[in-house]
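Everything on this sheet refers to the single structure shown next.
Both counts, for ligands and for their atoms, begin at 1 and track the order of listing. Any value given below was found using the heavy atoms of this structure, including those in side chains, with hydrogens, waters and symmetry copies removed.
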Amino acid sequence: MDQCVLLAPAKINLYLEIIGDRPDGFHELAMVMQTVALSDRITLSRLSSDTIRIRCSHPEVPSDSSNLAYRAAELMQRKFPRASARHGGLSIEIEKNIPVGAGLAGGSTDAAAVLVGIDLLWQLGLTRAELEILGATLGSDVPFCIAGGTAIATGRGEKISPLPDLQGLYMVLAKYRSLSVSTPWAYQTYRHQFESGYVREPASLLARQERVHSGPMVAAIAAQATRGLAQQEGWAIAQRLYNDLEKVVLPAHPQVQALREACAACPGVLGAMMSGSGPTVFALSQTQAEAEVVKATLAAQFDDPDLELWVTSLSTAGVRLETL
Ligand code: C5P
């Protein structure tokens with residue numbers, strides 16, 4: 001096999017709670033993550049030389065070792081030197097459909113796809129758990145992006161507990177093209193403002209992380225799994241959306257705050273929130289037709305060429321092989 005094409009989907013956070021500090025300088029989190037259908041397309045090909053070559057359709061995405069997908073390939077070369085020597089170098093082509101610097105894990109999902117793709121190209125036979133351990137060394141969201149679906153993520157975000165599949169909800173993603181938010185900035189600013197409330201004792205930390213398992217968002221997702229996604233269940237999930245990072249990102253970017261309020265007020269929207277460290281806002285709807293109306297309403301209301309809008313849906317799978 002000389003080439004494979006993979007779909008690398010974006011994620012949103014349905015729930016993001018910052019619990020405390022970690023000795024490694026990161027934060028202890030309790031999150032509910034959800035894959036969405038909007039995906040990048042990654043073409044991985046073998047090269048006769050031992051180099052890594054990366055090309056991306058988006059001008060702002062770097063084509064050097066600062067790209068997480070490049071670092072994923074480097075990591076595989078380092079971890080599996082014999083397979084690397086046997087199979088040669090790698091060309092990585094990224095068709096970028098997920099907005100950049102958006103809080104949608106676009107870079108992490110590309111890196112996840114490179115790990116999955118190299119495992120296939122080099123016939124390494126790695127398990128999902130082994131791929132997740134490799135992914136965690138690249139970034140906190142990479143392990144989730146590998147298997148995707150609906151899951152609780154704790155620790156740095158790399159400890160994944162799968163939840164029942166959530167399906168049948170649609171959404172509008174809304175982002176100002178020229179606005180990106182730095183994830184380190186968002187977490188550092190949060191620390192400056194809210195550090196006094198951080199949980200410090202290990203037992204209390206664990207208790208807070210476990211609380212998400214029995215919390216209302218997970219209960220709403222479980223109810224949907226047993227009863228199907230009726231209007232009531234979609235509404236229940238949308239009512240439990242929560243993101244601590246909104247407390248620092250929205251005041252710093254009033255236009256995102258206004259966008260979030262407009263999304264929440266649109267007819268047909270079950271609930272709206274910022275994803276991850278933003279600045280993308282998502283607005284959940286019960287049907288695709290309703291989501292299309294929400295998109296048209298927002299486009300007319302803001303009438304701003306800088307505002308990008310996508311209609312997409314929840315998805316049950318992470319990185320997927322498109323063709324071999
Ligand atoms: O792991 P990742 O590279 O996505 O993290 C980006 C930045 O976000 C980190 O450098 C850190 O500043 C912040 N972060 C954090 N706690 C986490 C995850 C990310 O403070 N659990």
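Judged by distance alone, with hydrogens and angles left aside, the side-chain atoms of D2 form no donor-acceptor pair with the main-chain N or O of R46 at under 3.5 Å. No donor-acceptor pair closer than 3.5 Å links the side chain of E292 to the backbone N or O of A289.
Considering backbone and side-chain atoms alike, D141 places every N or O at 3.5 Å or more from each N or O of ligand 1. In terms of polar-atom proximity, defined here as any N/O pair under 3.5 Å, S140 does make such a contact with ligand 1. Residue R191 has no N or O atom closer than 3.5 Å to an N or O atom of ligand 1.
Looking only at heavy atoms of the protein, atom 5 (O) of ligand 1 is closest to F26 CE2, 3.9 Å. For atom 8 (O) of ligand 1, the closest non-hydrogen atom of the protein is T183 CG2, 3.3 Å. The protein heavy atom nearest to atom 20 (O) of ligand 1 is H27 ND1, 2.8 Å. For atom 12 (O) of ligand 1, the nearest protein heavy atom (residue, atom name, distance) is P184 CA, 3.5 Å. The single protein non-hydrogen atom nearest to atom 3 (O) of ligand 1 is G139 CA, 4.3 Å, given as residue, atom name and distance. Closest to atom 13 (C) of ligand 1 among all protein heavy atoms lies Y187 CD1, 3.3 Å.
Q34 and T150 share a donor-acceptor pair across their side chains, judged by distance under 3.5 Å alone. For the residue pair Q3 / S45, a side-chain donor-acceptor distance below 3.5 Å is found, with atom types taken as modelled.
L29 counts as a contact of ligand 1, since one of its heavy atoms falls under 4.0 Å from the ligand.
Closest of all the heavy-atom pairs between V294 and P267 is CG2-O, 3.7 Å.
The environment of CZ in R320 is sparse: at most 12 heavy-atom neighbours from other residues, nucleotides or ligands sit within 6.0 Å.
Relative to the six-membered ring of F194, K247 meets both conditions, a distance below 6.0 Å and an angle of at most 45° to the axis.
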